[in-house]
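Down below is the structure, laid out as structure tokens.
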Amino acid sequence: MTRQERRQVLILALCAVIFAVSLSLIFTQEKEKLDKEFGSMITGSLSLHIQHNAEEIDQTILDVGRAMQVAEKTLHMVDQTPQDFFRQRNAENPVYTVEYLADPSQLMEAESGKAVWKLPNGRELVGRIYYDEALAGHYLSVVMPLKEEEGIPGVLYSSVSIDSLLRETTESAVYQDVQSCFVMEDGALIFNTFQPEYDGNLFKALEMYGMTPEEIDSIRAMVESPEVDSTTLSIQKQTYFISAARLEQSGWILVSFARGPEALAHSENIFASVVYTSALSILLTTAIGSMGFFLFLSGRKLLHKEQEHGAALAHRLKAMFEQHSALKVVFDAKSYRIVDANPSLLEFFGHTREEVLGRKVHEFSVLSPEIHDERLQKELNREASFSASPYRLKNGEVRYMDVHASVVQDGENKLIYAILFDVTDREKLRDDLVQEKERLRTTLQSIGDGVVTTDRNGVITSLNSVAEELTGWDSGQAVGRPFADVFILQSEETGKPVENPIQKVLETGLIIGMANHTELVNRHGERISIADSAAPIKTEDGQTFGVVMVFRDVGDEKEHNRQIEFLSYHDCLTGLYNRRYIEEAMNCLDRAENLPVSVVMADVNGLKITNDVFGHKAGDALLLRAAGLMRKCCGKDAIIARWGGDEFVILMPQTGLQAAEEITDKIKHTPIVIENGSLSLSLSLGCACKDTAEGSIQTALQLAEEYMYHQKLLEGKSYRSALISTLLVTLYEKSNETEEHSKRIEKYCHTIGRRLHLSSKEMDELSLFSLLHDIGKVNIDPNILKKPGSLTQEEWEEMKRHPEIGYRIAQATPELTTVADLILSHHERWDGKGYPRGLKEREIPLACRILSVVDAFDAMTNDRIYRQAMTAGEAVLELERGAGTQFDPQMAGFLIEAIVNEQQ
């Protein structure tokens, strides 16, 4: 310890001694002052209580006396016995009960010699104080004699509890052992609480308690003098307080004795103890202060060091707030008004500090104040994170922020310390990821293939809608199940289970394709042919964490392939083999073991005209019937193929030429019926045979084809003639046209032809044209041809097709080509309003202009379904009207002239 430090310790000890002595003197003075003030307070309190008790006793006696007077007066006014009256009165007014005694002699004797009160009206009352053992209390009895001159002898009697009247002088924290007594001025005791059975003199009783004459005289002076109402005595180191008060009505004096509190009795001891304790405390304080001083001296350097550490920490904290790149803000926890913001936040939002301080946080948010404050409160309560909240910068740009906030206590104020992180890029990436995920989900749900994914354990994690449809499993039911429980895969050929592709990918990490002829047995037991591939799903470091399998239903595809394969070797119309197949078959059959091999080439006669007249549907039916005929007539080992168009080839291995010709004869003489049996067509056939190893089947085919064409040439003319005759018969059956109509047309056409000096060839063409001009009607609906009424527009358009149909028929027949153009134009009009090409005047062939006027005249002069025939004269008039518009005027004149001559 240094010299200066020792001097400081001595000064501290001296100051402590001086302070202890000064404290003792102050305590002594204050004790005397407090004892005096405390005694005065107790004396005043006791005097006040005694005076109040005296007044209350006087008032009680007056109240009882008045109650007796009222009862006396009422007794004289009622028609009741005194006993009944007072019984009723006491029930109604139990506060002061009044009793009636008719023989009061004993009571009056007992009460005599006691107190006598006078009421304000002069009426006297007699009373005494006594102890009631039954009620265990002291009572004041009050007796009022009744006036005998008023006719009711006796007395009225009542009693009041003295214990309740002396309630103001009970013990309290101020004084203790309170005792009271009633005395006369000479000290005669009327009643006392400290020795109730003693009724002598108060002053003599005080001698027995050991009081000195001086003390008794001070009490006597207080009793005898109205000016003195209290005194204080110290008896055996106990302080006693005595007070007295006079009762106005009786002249009694109420005297009360009270002992002071224990604290006052032992005040000197307490004072000594306080002084001792204070001195000891000062000395201990000095010692402890010295020790503390030494500790202070030794710890001052440590304190200085801690202060420097605190200052450095505060500096670092301030630097962390001011210099950190994170966005930091502090705002009030109640009002949410900003109280501080670091430069990073100000720079990010583009505001100055003055523009930010005092504003509410939600003013910078895009969210509504209610939603913003609600989300912030949830962050503070740790109920939900306050993430991706949109805030608007000063330039109007909206950025998304994560807010991390907590409440800090700053003295009496609660502040919220918040750190904001710009997560706009993260949210953009999240949105992109969500959109990418949605695109992926939509793609998986939209593609036509089934897609299933599993985890690394082969447990299904997802199915798209196509996979659900093919497997029969809902995604919710399949997810979480092993792949093998949902996908039952087996071989189409053997029905045995195939290798699990998911497990194989997990084992190898390679892309696996499923074997051909694999089928899936779905949940409903249906077998579906599938093709698939499975690939691993890998992490960036190449670890497999799942598998994706893409599969599709190839049942339709296989069926389509089968159809393609079938069609590649078969004719799609007839179902027979096609030319490709027959060419390959000829190479395969061209072996010695198949000899002899017969080849038949067949051609359907009239296919083109059938197509032209009856349509391609009828032509297809013709080919089908021809194919059926060949199947029927040929053996099961024969190979029948449609060579092309209307030609067929038949290969018959191990069949000689004679047997083959028998088959061809059978086919040739079997008619092919078309158009509901009205027409029958036939086949032209050629047959050849390869019966030795030399040559080839191809050579035999060429030979058969030559024979077939030769036969077709020989039979063609007669066949076409028969076909035309058949068509004409069909026309006559389907319409109103008759052979006689054709003859009449031919007659008048020849008449005009002779006037025009036509050649014989032109006359022959005119005859053929007259016969076949309506041949196209064979393909018109008979209901239209024979309709009795007018045709509808649709029916008329159908009817106008017959010139074109007739044209195609004639073109298909070499012998009729010369009249084909005439048949096409026979409904053209002179004024160009005809059909089908709208020719006019001399653009129309001459034969057509002749036939047009002749055909019209014949139609008018013969009955039709839709009208009756005209007379020749009427028809001539119609021809004259139509000349120059519908008809060639010259041709019409020639016909009119001929008709007139014929009529004459």
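Remark: Arg642 is not positioned above the aromatic ring of Tyr577, lacking an NZ or CZ atom under 6.0 angstrom from the ring centre and at most 45 degrees off the axis.
Evaluation of the salt bridge (charged side-chain N to carboxylate O under 4.0 Å, His left out) test over residues 695-707, restricted to residues two or more places apart or in two chains, returns none. Counting only residues at least two apart or on different chains, no ring pair (Phe, Tyr, Trp, His ring centres under 6.0 Å) pair has a member in residues 493-538. Within the structure, the ring pair (Phe, Tyr, Trp, His ring centres under 6.0 Å) test picks out the following pairs touching residues 452-495 (sequence neighbours left out): Phe483-Phe487, Phe487-Phe551.
Of the possible donor and acceptor atoms, none in the side chain of Asp571 sits under 3.5 Å from a partner among the backbone N and O of Leu576. Checking side-chain atoms of Thr699 against main-chain N and O of Gly695 turns up no donor-acceptor pair under 3.5 Å. Put simply, the side chain of Arg801 never gets that close to the backbone of Glu797: no donor and acceptor are under 3.5 Å apart.
Remark: Phe566 engages His570 in a side-chain contact (heavy atoms from CB on, under 4.5 Å) (not counting sequence neighbours). Glu436 pairs by the side chain to side chain donor-acceptor pair (under 3.5 Å) definition with Arg439, not counting sequence neighbours.
Of the N and O atoms on the side chains of Ser767 and His750, at least one donor lies less than 3.5 Å from an acceptor on the other residue. There is a side-chain donor-acceptor pair under 3.5 Å between Ser825 and Arg837. Judged purely by distance below 3.5 Å, without hydrogens or angles, the side chains of Gln811 and Tyr807 pair a donor atom with an acceptor atom.
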Donor-acceptor pairs under 3.5 Å, side chain of residues 458-467 to any protein atom, not counting sequence neighbours: which ones?
{"residue": "Thr461", "atom": "OG1", "partner": "Thr453", "partner atom": "O", "Å": "3.1"}
{"residue": "Thr461", "atom": "OG1", "partner": "Thr453", "partner atom": "OG1", "Å": "2.7"}
{"residue": "Ser462", "atom": "OG", "partner": "Thr453", "partner atom": "OG1", "Å": "2.5"}
{"residue": "Asn464", "atom": "OD1", "partner": "Val451", "partner atom": "N", "Å": "2.9"}
{"residue": "Asn464", "atom": "OD1", "partner": "Ala467", "partner atom": "N", "Å": "2.9"}
{"residue": "Asn464", "atom": "ND2", "partner": "Leu444", "partner atom": "O", "Å": "2.6"}
{"residue": "Asn464", "atom": "ND2", "partner": "Asp449", "partner atom": "O", "Å": "3.0"}
{"residue": "Ser465", "atom": "OG", "partner": "Gln445", "partner atom": "O", "Å": "3.4"}
{"residue": "Ser465", "atom": "OG", "partner": "Gln445", "partner atom": "OE1", "Å": "3.3"}

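Electrostatic pairing of Glu584 and Arg580 counts as a salt bridge here, judged by a charged N lying under 4.0 Å from a carboxylate O.
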